[in-house]
Visitor: 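Pasting a structure here, questions to come.
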Amino acid sequence: MQHADLVALIRDGIGAKGGEWADLGAGEGAFTLALADVAGPSAKITAIDRDSGALRRLREDLGRRFPATAIETVVADFTRPISLADFDGVVMANSLHFVRDKRPVLESVREMLRPGGALIVVEYGADRGNPWVPHPFSYPTWERLSAEAGFERTRLLRTMPSRHLGSLYSSVTYRPVASSSVT
Ligand SMILES: C[S@@+](CC[C@H](N)C(=O)[O-])C[C@H]1O[C@@H](n2cnc3c(N)ncnc32)[C@H](O)[C@@H]1O
């Protein structure tokens, strides 16, 4: 996909310029670059992945293409506790489909957000996986999963055709401002 396609997928989920954002499962940073583009140079971005080599390449690319954006990289497994909090937004693009039991991960992502913070998810529009995309979830499934994990106001942003599994969608959902009753 082209950079412009990645920007189009996430743009409407990013309310204002700036803020502190995390890209969870950032890989080599295709969506981190889109995030830097949309959120602008006043944003601070933390890119998290368990692959340190991918994060090294991400830093080089981001430094070259968006030198004014503050970037931090963190090598971590997002299925384990991560002591980061108060993000205005988190992006998870093509990374949550590696997790079979998504609810505990989603609950810890919810706690990484400030109240009212946004979670943008980009995923394949399928509920049946393959060896490369083991546990995908369609948008209707995502509406249910996000609500069960205590998010609110979930909405579909974009859909795009994809060579893999037919289509891709992007969605935004929010940590409630009042503390959630789901624990
Ligand atoms: C398909 S790549 C997507 C990369 C990027 N978000 C994108 O869309 O271009 C999935 C990434 O998620 C990372 N990942 C998968 N499970 C993870 C976990 N439990 N903790 C941290 N990173 C994980 C992988 O290392 C890989 O870089």
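Predicted model only: the values in this text are computed from it and were never measured. In each ligand, atom 1 is the first atom listed, and ligand 1 is the first ligand listed.
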Visitor: Rounded to the nearest 0.5 Å, what separation is found between the CD1 atom of I120 and the CD1 atom of I14?
Guide: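 Result: 4.5 Å between the selected atoms.
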Visitor: Are L58 and V91 connected in a single hydrophobic cluster, I mean Ile/Leu/Val/Met/Phe/Trp/Tyr linked by side-chain heavy atoms less than 4.5 Å apart?
Guide: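 V91 and L58: one cluster.
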Visitor: Could you tell me whether R103 and E107 have a side-chain N and a carboxylate O separated by less than 4.0 Å?
Guide: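 Judged by the 4.0 Å cut-off on N to carboxylate O distance, R103 and E107 do form a salt bridge.
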Visitor: Do I45 and I48 share a hydrophobic cluster, counting only Ile, Leu, Val, Met, Phe, Trp and Tyr and linking them when any side-chain heavy atoms are less than 4.5 Å apart?
Guide: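 Not linked; separate clusters.
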Visitor: Tabulate distances under 3.5 Å between N/O atoms of ligand 1 and N/O atoms of the protein, writing both atom names on each line.
Guide:
from     : atom 1 : to  : atom 2 : distance (Å)
ligand 1 : 6 (N)  : G25 : O      : 2.8
ligand 1 : 6 (N)  : A93 : O      : 2.8
ligand 1 : 8 (O)  : A93 : O      : 3.4
ligand 1 : 8 (O)  : N94 : ND2    : 3.1
ligand 1 : 16 (N) : R50 : NH2    : 3.3
ligand 1 : 19 (N) : D77 : OD1    : 2.8
ligand 1 : 20 (N) : F78 : N      : 2.9
ligand 1 : 22 (N) : R50 : N      : 3.4
ligand 1 : 25 (O) : D49 : OD1    : 2.6
ligand 1 : 27 (O) : D49 : OD1    : 3.3
ligand 1 : 27 (O) : D49 : OD2    : 2.7

Visitor: Going by salt bridge (charged side-chain N to carboxylate O under 4.0 Å, His left out), name the pairs with one or both residues in residues 7-32, residues two or more places apart or in two chains.
Guide: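 Residue pairs with at least one partner in residues 7-32: E28-R57.
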Visitor: Can you say whether the rings of Y169 and F137 are parallel (under 30°), tilted (30 to 60°) or perpendicular (over 60°)?
Guide: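 It falls in the perpendicular class, over 60°.
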